[in-house]
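Input: a single structure, listed below in C-alpha cells.
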Amino acid sequence: MMAHSDGVIGLPLRLLAREVYDKIVAIKGAANVALVTGEEKITPQRASYFVCTVEAMPVNRSFEFLAVDEIQLAADPERGHIFTDRLLHARGTRETMFMGSNIIRGWIQKLVPRAKFMQRERFSELTYKGSKKISRLPSRSAIVTFSTNDVYALAELVRRQRGGAAVVMGSLSPRTRNAQVELYQSGDVDYLVATDAIGMGLNMDIDHVAFASTYKFDGAMTRSSMPLRWHRSQAGRDGT
C-alpha cells in the first residue's frame, strides 16, 4: 500500500487496525494516516492512507491501492455480506488485494475471473504438544478461551501461579487493549489470556497457544472443535 500515493486497507479487527495504523504512522507520519473503526476515528485533513475495519472503509472515495484482509469471512453468517460487497465492488484504481484463506479461492475465481493468486507458506511449523495443566505451560504462551468470564478467571489463576498475565478481548477499550498488548510484547509478563479474536490476524510473539476449552457458543449453537496446542508458532496470520 505504501508504494502507492494513497490507499485503504480493510481489516477484520479493531485491534489489528490499530496495530497496522501504528506501523504506517511510524513510516509516513501521523498527518498522512487515518484510522477509522467502530470505536476510533482519527482522520487528518490530508490523510492519504486509511486503515479501517472492513465495515468502516470509505467506499465512496477513490484510492490507488485497496486491500481487504481475511476475505474468507464473506462466508460468515453475520458479517459476510460486508466482505462479499467489498469482494464484488471495492477496487483500487491501480491495485486491489484480497488476503485470506485458500478456502475462498474457488469463489474468487468465479466472481473475479481476472484475479491473480499468490500463495505464501507458513513461516513456522505447527506441532500438537498434547494436553497440559495451565500451571505447567511454558513462558510466552497464549491461553485462549471463549468466555469473557473465563478470561478474567484464568488470568487471575495465572497471576497467582506464574506471576503475571496480560488480557486481550475485543470488548476492552482501545487504550486498555493496546496497553495489555504492550505489556505482553515488551516481556513484562510471559502469559497472555485472550478470546479467540487474537487468531484473526493479530500478530504477537507467541511460542505456544493453548485452548482452555474445546467448545464454543457461536451465537446460534455450541459447537466443538479439536483441541489444539501450537508449538513455536506466531499467533495471527501464521497461527490461525
Side-chain angles (χ1 to χ4, degrees), residues 9 11-24 26 37 51 53 69-70 72-73 99-102 120-216 225-240:
I9 181 169
L11 299 152
L13 293 177
R14 294 169 294 188
L15 186 55
L16 179 57
R18 183 74 200 203
E19 176 188 334
V20 174
Y21 167 80
D22 290 339
K23 289 181 178 180
I24 299 178
T37 71
V51 182
T53 48
D69 194 22
E70 305 291 358
Q72 77 278 359
L73 285 177
M99 299 170 285
S101 168
N102 203 43
R120 294 290 183 267
E121 300 299 326
R122 293 182 184 273
F123 291 125
S124 55
E125 181 181 351
L126 306 182
T127 305
Y128 175 59
K129 302 297 290 184
S131 60
K132 185 176 294 187
K133 291 183 178 179
I134 290 176
S135 60
R136 295 181 178 273
L137 285 176
S139 60
R140 309 310 293 169
S141 289
I143 303 167
V144 178
T145 186
F146 305 117
S147 161
T148 300
N149 291 336
D150 288 345
V151 168
Y152 287 115
L154 287 169
E156 182 59 29
L157 176 63
V158 172
R159 286 165 182 156
R160 289 201 309 265
Q161 296 187 352
R162 307 306 295 267
V167 170
V168 174
M169 298 182 296
S171 59
L172 297 177
S173 69
R175 178 177 296 180
T176 301
R177 285 202 309 267
N178 296 341
Q180 290 292 301
V181 168
E182 179 58 28
L183 186 66
Y184 177 84
Q185 287 290 83
S186 66
D188 288 342
V189 298
D190 275 331
Y191 298 91
L192 174 70
V193 183
T195 59
D196 54 329
I198 66 167
M200 194 65 70
L202 185 60
N203 300 297
M204 302 182 70
D205 298 324
I206 296 170
D207 291 335
H208 306 260
V209 179
F211 284 89
S213 171
T214 58
Y215 293 87
K216 175 183 179 178
S225 59
M226 291 182 62
L228 295 174
R229 184 166 287 108
W230 301 322
H231 177 58
R232 295 186 62 79
S233 66
Q234 180 187 41
R237 189 176 310 282
D238 303 320
T240 50

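The figures that follow rest on heavy atoms only: side chains count, while hydrogens, waters and symmetry mates do not. Everything numeric in this text was worked out from a predicted model, so none of it was measured.
- In this structure the side chain of Asp190 never reaches within 4.5 angstrom of the side chain of Arg162, judged on heavy atoms.
- Both the sub-6.0 Å distance and the 45° axial angle are not jointly satisfied by Arg159 relative to the ring of Tyr191.
- The shortest distance between side-chain heavy atoms of Val20 and Asp22 does not fall below 4.5 Å.
- In this structure, CZ in Arg120 is found 13.0 Å from CG in Asn102, a value given to the nearest 0.5 Å.
- Atom NZ in Lys23 sits 14.0 Å away from atom CZ in Arg18 (nearest 0.5 Å).
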Might you work through the side-chain contact (heavy atoms from CB on, under 4.5 Å) test for His208 and Arg140, ending with a clear yes or no? CA-CA 7 Å; His208 306 260; Arg140 309 310 293 169; 5.6 Å; no

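- Closest of all the heavy-atom pairs between Ala155 and Val193 is CA-CG2, 3.9 Å.
- Here the straight-line distance linking atom CG of Leu137 with atom CG of Asp207 works out to 12.0 Å at 0.5 Å rounding.
- For the pair Val168 and Val151, the minimum side-chain heavy-atom distance is 4.5 Å or more.
- The two residues Arg14 and Thr37 make their nearest non-hydrogen contact at CG-CB, 3.9 Å.
- Here the straight-line distance linking atom CD of Gln72 with atom CE of Met99 works out to 11.0 Å at 0.5 Å rounding.
- Nearest heavy atoms, Leu73 versus Pro12: CD1-CB, 3.9 Å.
- Asn149 and Ser147 share no donor-acceptor pair across their side chains, judged by distance under 3.5 Å alone.
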Set out, in order, the CA-CA distance, both residues' side-chain angles and the distance that settles side-chain contact (heavy atoms from CB on, under 4.5 Å) for Val158 and Ile143, then state yes or no. CA-CA 10 Å; Val158 172; Ile143 303 167; 3.7 Å; yes

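- Going from atom OG of Ser141 over to atom CZ of Arg136 covers 14.0 Å, rounded to the nearest 0.5 Å.
- Val144 places none of its side-chain heavy atoms less than 4.5 Å from the side chain of Thr195.
- Of the possible donor and acceptor atoms, one in the side chain of Gln180 sits under 3.5 Å from a partner among the backbone N and O of Val167.
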For Thr176 and Met169, what are the C-alpha separation, side-chain angles and deciding distance, and is it a side-chain contact (heavy atoms from CB on, under 4.5 Å)? CA-CA 10 Å; Thr176 301; Met169 298 182 296; over 6 Å; no

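- Separating the CG atom in Leu183 from the CG atom in Leu192 is a distance of 9.5 Å, to the nearest 0.5 Å.
- Of all non-hydrogen atoms in Leu11 and Ala17, the two that sit nearest each other are CD1-CA, 3.5 Å.
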Are Thr53 and Leu13 close enough, and set up right, to give a side-chain contact (heavy atoms from CB on, under 4.5 Å), and what steps lead you there? CA-CA 6 Å; Thr53 48; Leu13 293 177; over 6 Å; no

